[in-house]
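Just below is one structure, and these are the notes that go with it.
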Number of protein chains: 2
Amino acid sequence: MLSKKTKYGIKALTYICSHESDGAIPIAIISEAENISHKFLETILLTLKKGGILSSKKGKGGGYYLLKDPKEVFMSDIIRLLSGPIAMVPCVSLNFYEKCDDCPDEETCGINRLMLEVRDSTLKVLKQKSLAQLTMESSK
Amino acid sequence: MLSKKTKYGIKALTYICSHESDGAIPIAIISEAENISHKFLETILLTLKKGGILSSKKGKGGGYYLLKDPKEVFMSDIIRLLSGPIAMVPCVSLNFYEKCDDCPDEETCGINRLMLEVRDSTLKVLKQKSLAQLTMESSK
DNA sequence: ATTAACCCTATCGACTTGATGGGGAATGGC
DNA sequence: GCCATTCCCCATCAAGTCGATAGGGTTAAT
């Protein structure tokens, strides 16, 4: 299941994206518009900043703004930053690989192969949808 | 992430499947062979029984056995029983649908549409892999 | 009757999630 | 130089989930 954190993150990003012309947008504005706890949103935007998607300006007139072209920000990037691995088992994760503690041999593990297929098909969807696209769809 | 519960469930099923000719198989045998806590496995097998995949025989010489043809047991069935919905948001779940509390309108929700695509592609993979197939692959 | 095995309920510690509070540090306006 | 504004960081909390365990009850074959 998609965590609220990730959902909030996506919503905040689409908000920022569709108000890009306004310059930097303060947390308070987004949190009110999207009904997200101010403090919780803070940690989310911070993560997105550390992940290189957003940047911020402090002080009066400050706020968050997109650092990358929204056409180049993909759902897979956002979800990885906020929820971690996309794969359902660590042993097929591209960005967070880890050996399964129980499985002795990945080569002969049926679950491994199955989940590899699942990961590929999921990733295919998530990598082709950009923030720009999602924002456009949502504003209709 | 795939829970241990589900992973154990799949492993237990493949074990039962590949030892089908032996008749009913006791929990203790499976738990030892697959290194799964006896008691935990108990609840898992019980769930699979309630789900109509397994059946059991009590008393001496008893144990669990497949109720359905392993060619007709799909990964999607097993995962649904043990982990719940396959969809990443309740509002696109086929078997566990629920309206999202925050989202006012599913029609204009970009997340909804995205996750619908993800669900479809995931399901396509999980529905075409049967227990029989997985068991064969694992035994190599 | 005894025993092997399934079945059910309850509990526990560890971890995660979502939310909150209290301060700091930087920036811009005056 | 001061002050309001805003981002930043830390610590904590309640609720829920996960994996595991314990104890006892029920069924059925020998």
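Letters A, B, ... are given to chains in the order of the sequence lines, protein chains preceding strands, and every chain is numbered from 1.
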Problem set entry | Partners meeting ring-ring contact (aromatic ring centres under 6.0 Å, His included) with B:F40 (sequence neighbours left out) | B:Y8

Exercise. Quick one: B:M1 CE to C:dT17 C1', roughly how many Å, whole number?
Worked result: 17 Å

For this session: Tell me which nucleotide among D:dT6, C:dC6, D:dG19 gets nearest to the side chain of B:S3.
Result: D:dG19

For this session: Using atom NZ of A:K4 as one end and atom P of D:dT17 as the other, report the distance to the nearest whole Å.
Result: 13 Å

For this session: Answer yes or no: does a side-chain N or O of B:Y8 lie under 4.0 Å from OP1 or OP2 of D:dC18?
Result: no

Exercise. Which pairs count as ring pair (Phe, Tyr, Trp, His ring centres under 6.0 Å) when at least one residue sits in residues 74-98 of chain A, sequence neighbours excluded?
Worked result: none

For this session: Report the distance from atom CG of B:D22 to atom P of C:dA5, rounded to the nearest whole Å.
Result: 14 Å

Exercise. Is a side-chain N or O of B:S83 found less than 3.5 angstrom from the main chain of B:R80, in a donor-acceptor match?
Worked result: no

For this session: For the residue pair B:I44 and B:T6, establish whether any side-chain heavy-atom pair is separated by less than 4.5 Å.
Result: no

Exercise. By a strict heavy-atom criterion of less than 4.0 Å, which residues belonging to residues 35-66 of chain B are in contact with DNA chain D?
Worked result: B:S37, B:K39, B:F40, B:K58, B:G59, B:K60

Problem set entry | Distance in angstrom units between A:D102 CG and D:dG19 P, rounded | 11 Å

Problem set entry | Gap between atom OG of A:S93 and atom CZ of A:R119 - 0.5 Å precision | 8.0 Å

For this session: Taking the side chain as every heavy atom from C-beta outward, state whether A:L82 and A:L48 have any pair of such atoms under 4.5 Å apart.
Result: yes

